[in-house]
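Below is one structure, written out as structure tokens; the observations come after it.
Computed from a predicted structure; not experimentally measured.
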Amino acid sequence: MSCFRPGILAVLLVALFTTGAVVAEPDRIELKDGSTVFGTVVDAENGTLSLETDFAGTIKVRLDQIASMYTETPMTLQMADGSIIEAHPLAVEDEKLMLPEATEGGSGYALSQLLRVNPEPWETGDGYRWTGLASGALVTQRGNTETDELDYNVESRWTGLNDRYSARVFGQLREVNGNRSAENITGTAKYDRFLEDDWYWGMSASAERDQFSDINLRAYVGPYIGKKFDQTPLFILEAELGLSYVSEQFTSSPDQEYPGAVWTLDATSDYFGNDLRAYVRQNGIWDLQETSDFVINSTAGMSFPLIAAIEGAAEITLEYDAGAVSDVEKLNQIYRFRIGYRW
């Protein structure tokens, strides 16, 4: 038996040294300010590179701040012209991507042409990415009256390489002394077609019932033009402006129809950190026949993670209707804390 021990020991030593030899070195990025960052390149999008580090989690580096880079991590690159390149290894010198097949000819690809690293199927035109949020807030009041109110919000988005579909339903259910006093609901559906330079055009349709404001039905449909402004992490803003046909039916006032200008502002910010997301959303309708009549709904809030994909948010909503019927307040203010699931 003893004659086998040296052989077994030799095999273990060879395995140990072999394992140590194949340990991949971390990716290395040298910035124009002279600093060097080590980690693993995990993504690139909107002119920034995401690097997973041991000391600071995932950090983002602007492509125009990279002096040189080297990585042994196999990755797939998607260029701005739509081409897909398998890179292993990958180096950056003089703001050029130096790939093995490129260095032989002495040429490379401009780093600024890098669109994504390891793109998902939908980012190359295969299917859609599905994201969404379902949340709710419950308000209970006890005293002279017993009031219970449930606010709910469900929104979903399907994003492809060339277009996007989105839908949202939100509303309120209110009971006073055990009797249903109001049931308000708003539904919106949109289609966007992407153009160049972050421009897009789209079509939207919306229907709203608001018993608080004496509205049996307010509906509109029409086209719009939009643009995305990306200043990550400071903010990402999508602004849309369009024309719509608007129909309003009231409980106690004459119905009306009119052409309207509609707009939407949707802004988010990671300025306060990856765990805190500030957001502002506003949509409005302006009566082009009776120019003093307009509706503006604005929501501002801050969301934060709770457990896994569960998030909490504190927000305020201001609903202003300049053409509100008599005995109805023009401004409605809603403060809520909601809990939701994001996917």
Side-chain angles (χ1 to χ4, degrees), residues 32 41-51 60-66 69 75-85 87 92 94-97 107-131 155-168 188-206 221-244 261-271 274 277-284 286:
K32 292 180 179 179
V41 175
V42 294
D43 196 10
E45 191 172 9
N46 299 322
T48 62
L49 191 75
S50 297
L51 188 73
K60 294 186 177 182
V61 180
R62 291 202 342 245
L63 294 180
D64 59 10
Q65 296 300 309
I66 296 177
M69 179 175 71
M75 59 184 63
T76 302
L77 308 181
Q78 183 181 16
M79 311 307 291
D81 61 3
S83 59
I84 303 296
I85 301 172
V92 173
D94 298 327
E95 299 186 3
K96 284 188 176 181
L97 292 167
S107 61
Y109 300 85
L111 180 59
S112 60
Q113 295 300 306
L114 176 61
L115 186 63
R116 296 183 183 91
V117 170
N118 299 327
E120 297 181 24
W122 69 270
E123 293 175 311
T124 61
D126 184 11
Y128 292 84
R129 180 192 182 195
W130 182 31
T131 58
E155 51 190 273
S156 193
R157 177 174 287 186
W158 296 264
T159 304
L161 182 62
N162 300 309
D163 56 2
R164 175 176 62 189
Y165 298 86
S166 56
R168 184 186 182 208
T188 302
K190 300 173 63 178
Y191 171 78
D192 301 319
R193 185 72 180 183
F194 301 137
L195 304 173
E196 294 182 353
D197 299 324
D198 291 326
W199 286 91
Y200 57 94
W201 65 266
M203 290 286 297
S204 67
S206 179
V221 60
Y224 57 85
I225 188 76
K227 183 173 176 59
K228 180 179 180 180
F229 302 88
D230 193 336
Q231 299 294 327
T232 309
L234 185 59
F235 69 87
I236 297 177
L237 168 66
E238 291 191 8
E240 301 167 0
L241 178 64
L243 296 173
S244 288
V262 297
W263 69 90
T264 299
L265 301 174
D266 195 344
T268 59
S269 174
D270 294 330
Y271 180 77
N274 294 330
R277 186 177 66 94
Y279 57 92
V280 176
R281 173 182 288 167
Q282 182 185 99
N283 60 76
W286 182 30

Flag, side chain of Gln65 to backbone of Arg62, donor-acceptor distance under 3.5 Å: no
Steps toward side chain to side chain contact (heavy atoms under 4.5 Å, CB included) verdict (Leu161, Phe194): CA-CA 8 Å; Leu161 182 62; Phe194 301 137; over 6 Å; no
Over all atoms of both residues, closest heavy-atom pair of Met75 and Val41: CE-CB, 4.0 Å
Ion pair Asp94/Lys96, N-O distance below 4.0 Å: no
Minimal non-hydrogen separation, Asn118 against Val42, with atom names: ND2-O, 4.3 Å
Atom of Leu49, atom of Ala44 and distance for their closest heavy-atom approach: CD1-CB, 3.7 Å
Main-chain N/O of Asp64 paired to Lys32 side chain as donor or acceptor, under 3.5 Å: yes
Spatial distance of atom CG (Asp192) from atom OH (Tyr165) [nearest 0.5 Å]: 10.5 Å
Residue that, paired with Tyr200, satisfies side-chain hydrogen bond (donor to acceptor under 3.5 Å, both in side chains) out of Arg193, Glu240, Lys227: Glu240
Value rounded to 0.5 Å, distance of CD in Glu238 from CG in Asp230: 9.5 Å
Distance-minimising heavy-atom pair for Leu77 and Leu97: CD1-CD1, 4.4 Å
Spacing of Phe229 atom CZ and Phe235 atom CZ [to the nearest 0.5 Å]: 8.0 Å
Short side-chain to backbone donor-acceptor contact, Ser269 and Leu234, under 3.5 Å: yes
Interatomic spacing from CD in Glu155 to OG in Ser166 - rounded to 0.5 Å: 9.0 Å
Close side-chain approach of Gln78 to Ile84, heavy-atom, < 4.5 Å: yes
pair Pro119-Thr76: side-chain heavy atoms closer than 4.5 Å: yes
Interatomic distance, Ile225 atom CD1 to Leu243 atom CG [nearest 0.5 angstrom]: 12.0 Å
Least distance between heavy atoms, Thr268 atom then Arg277 atom: CG2-NH1, 3.4 Å
Pair Leu265-Val280, side chain to side chain contact (heavy atoms under 4.5 Å, CB included): steps then yes or no: CA-CA 8 Å; Leu265 301 174; Val280 176; over 6 Å; no
Interatomic distance, Arg129 atom CZ to Arg157 atom CZ [nearest 0.5 angstrom]: 10.0 Å
Least distance between heavy atoms, Trp122 atom then Thr159 atom: CE3-O, 3.3 Å
